[in-house]
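For reference, the structure discussed in these notes is given below.
Along the sequence shown, the residues carry numbers beginning at 1. No hydrogens, no waters, no symmetry mates; every other heavy atom, side chains included, goes into these values.
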Amino acid sequence: MRGAHRVLAGVLRRGTPSLGSKTVGGFVRYSCKFSSSATVSAKPHIRPGYVILGAGLACGAGAVLYSAHLRKKTLAATLEPVFMAQPITDMATLQQGSDMRSRMELLILRVQSDVCKAIEELESTEGDKKFLIDRWERKEGGGGISCVLQDGQVFEKAGVNISIVLGNLPPAAVRQMRARGKEFKTKDDSGLPFFAAGVSSVIHPRSPNVPTIHFNYRYFEVVEEDGTRQWWFGGGTDLTPSYLDTEDVVHFHSTLKDACDKHDKSLYPKFKKWCDDYFTIPHRGECRGVGGIFFDDVDEPSQEDAFRFVQSCADAVLPSYVPIVKKQMTCGYVEFNLVYDRGTKFGLATPGARIESILMSLPLAARWEYCHDPAPGSPEAKMVEVLKNPRDWVESQ
């Protein structure tokens with residue numbers, strides 16, 4: 001290595017190289033020329049071959065640096081059409097990283113973009129509403145991209161958020177995790193470093209014949225005092241209609257079942273039941289809607305297998321919902337989300353909580369009628385019956 005340094009030093013003392021380039025067939029070809037004042041024979045121990053080698057090394061280094069510069073410029077130029085906004089993590093870091101943090105962030109960025117473009121395409125049939133894009137940063141670490149469409153002709157309100165959050169878990173969050181079975185080696189309930197990445201969406205249509213859809217997919221890491229990492233995935237997709245259309249509900253559940261069955265045929269019935277149990281409004285004895293799938297703390301059979309499962313579920317959102325909207329072209333949801341939802345509670349308990357993003361899931365307007373009792377046999381009564389008694393939508397058909 002010292003010899004190479006001497007060669008370069010000798011070359012640089014003998015003349016100033018000029019770096020030139022020309023484009024050939026889409027590639028940039030670099031050339032390096034030395035001024036005529038360079039005298040190879042000035043130092044007997046510097047051989048002409050070494051000069052050529054040194055020139056090659058200098059040109060090569062310049063080419064690598066310039067190539068990296070071009071890649072960065074090209075990446076910045078093409079970033080906006082791919083995602084809704086600049087990623088929270090530097091894009092070059094994301095593309096080079098093979099760790100789960102990078103892969104999950106890229107996944108949720110893509111899902112957010114796909115869903116927003118699909119919603120805008122549906123909205124364009126009746127109007128010209130577009131998503132408001134709000135990229136934000138969190139002083140404690142991380143940030144997010146909130147995309148919200150309001151007062152459209154097809155959709156009253158649609159929100160698709162991603163967040164990348166890191167820092168130390170607050171005591172309330174640690175206690176919440178312990179309560180559902182998480183075991184941490186630390187004895188107190190504070191100071192655990194964590195990383196969380198997720199996409200969360202709620203879409204409220206304007207027509208009461210089109211159901212509200214909610215989905216959320218997330219990845220979580222906690223670093224213990226001894227450096228070991230606990231990781232897990234969570235998420236799900238569920239549907240909340242105002243009026244029951246059995247054909248729509250069967251299509252929705254069948255699409256989610258197909259996504260689960262690619263990995264393990266036991267997953268759909270397990271996560272379907274979990275969804276029915278979780279999205280329940282206890283004081284009413286009703287489910288929030290007609291269900292879907294829901295899961296949390298998934299850390300098996302392997303990290304790779306769990307990630308692929310989450311990816312399949314996220315990719316099933318649009319095919320499960322868009323056909324329903326096209327065919328058809330809501331307050332139990334609000335009640336559950338404000339009182340019982342685990343994600344809302346965690347978000348409000350996290351330092352630096354962004355209230356606008358947390359409450360994005362609510363529709364623009366909601367109302368409750370005092371002592372509402374639907375007339376027997378009415379569409380409203382049929383819907384309430386399903387909410388009180390969840391059905392097996394796929395196997396019973």
Okay, side chain of [X], backbone of [Y]: is any donor-acceptor separation there less than 3.5 Å?
X: E123; Y: Q153; answer: yes
X: R135; Y: P87; answer: yes
X: S201; Y: G159; answer: yes
X: E286; Y: I281; answer: no
X: Q150; Y: L132; answer: no
X: H253; Y: V290; answer: yes
X: E105; Y: A197; answer: no
X: T125; Y: E121; answer: no
X: Q230; Y: V222; answer: no

When you compare the side chain of [Y] with that of [X], does any pair of heavy atoms fall below 4.5 Å?
X: T89; Y: R101; answer: no
X: V115; Y: I203; answer: yes
X: F83; Y: I133; answer: no
X: V202; Y: H204; answer: yes
X: Y219; Y: I108; answer: no
X: L267; Y: F295; answer: no
X: V174; Y: F184; answer: yes
X: L244; Y: V249; answer: yes

If you measure from [atom1] on [X] to [atom2] on [Y], what distance do you get to the nearest 0.5 Å?
X: R103; Y: E304; atom1: CZ; atom2: CD; result: 4.0 Å
X: L169; Y: Q176; atom1: CG; atom2: CD; result: 10.5 Å
X: I293; Y: C275; atom1: CD1; atom2: SG; result: 8.0 Å
X: D151; Y: R206; atom1: CG; atom2: CZ; result: 5.5 Å
X: M177; Y: R180; atom1: CE; atom2: CZ; result: 5.5 Å
X: T212; Y: H214; atom1: OG1; atom2: NE2; result: 11.5 Å

Verdict with supporting geometry, F195 and I164, side chain to side chain contact (heavy atoms under 4.5 Å, CB included): CA-CA 7 Å; F195 170 89; I164 310 295; 3.6 Å; yes
I'd like to know whether [atom1] of [X] has more than 12 heavy-atom contacts from other residues, nucleotides or ligands below 6.0 angstrom.
X: E247; atom1: CD; result: no
X: K327; atom1: NZ; result: yes
X: E224; atom1: CD; result: yes
X: D99; atom1: CG; result: yes

Looking at [X] and [Y], what are the two nearest heavy atoms and their distance?
X: I145; Y: I88; answer: CG1-CD1, 4.3 Å
X: S242; Y: P208; answer: CB-O, 3.5 Å
X: L166; Y: R138; answer: O-NH1, 2.8 Å
X: H251; Y: I324; answer: CD2-CG1, 4.1 Å
X: Y217; Y: C313; answer: OH-CB, 3.4 Å
X: L318; Y: P323; answer: O-CD, 3.8 Å

V317 and I213: side chain to side chain contact (heavy atoms under 4.5 Å, CB included), yes or no, with the steps? CA-CA 9 Å; V317 169; I213 189 174; 4.2 Å; yes
Is it possible for you to say whether V223 and W232 belong to one hydrophobic cluster, with membership spreading through side-chain heavy-atom contacts below 4.5 Å? no
Y321: which residues meet the side-chain hydrogen bond (donor to acceptor under 3.5 Å, both in side chains) condition with it, sequence neighbours left out? none
side-chain hydrogen bond (donor to acceptor under 3.5 Å, both in side chains) against D305, all qualifying residues, sequence neighbours excluded: S302
Applying salt bridge (charged side-chain N to carboxylate O under 4.0 Å, His left out) to R229 and E221, what does each step give before you reach the verdict? CA-CA 7 Å; R229 293 175 186 265; E221 272 186 10; 2.9 Å; yes
Parallel, tilted or perpendicular: which one describes the rings of [X] and [Y], with boundaries at 30° and 60°?
X: Y278; Y: F294; result: parallel
X: F233; Y: W231; result: perpendicular
X: F194; Y: F220; result: parallel

Please determine, by modelled atom types, if K117 and S113 share a side-chain donor-acceptor pair under 3.5 angstrom. yes
What do the steps show when you test F252 against S320 for side chain to side chain contact (heavy atoms under 4.5 Å, CB included), and what is the final call? CA-CA 5 Å; F252 177 77; S320 75; 3.6 Å; yes
Step by step, would you call F155 with V325 a side chain to side chain contact (heavy atoms under 4.5 Å, CB included)? CA-CA 10 Å; F155 299 99; V325 179; 4.1 Å; yes
Take D315 and R110 through the test salt bridge (charged side-chain N to carboxylate O under 4.0 Å, His left out) and record every step on the way to the result. CA-CA 10 Å; D315 287 340; R110 177 182 64 77; 3.0 Å; yes
Electrostatic pair K272-D276, nearest N-O below 4.0 angstrom: yes
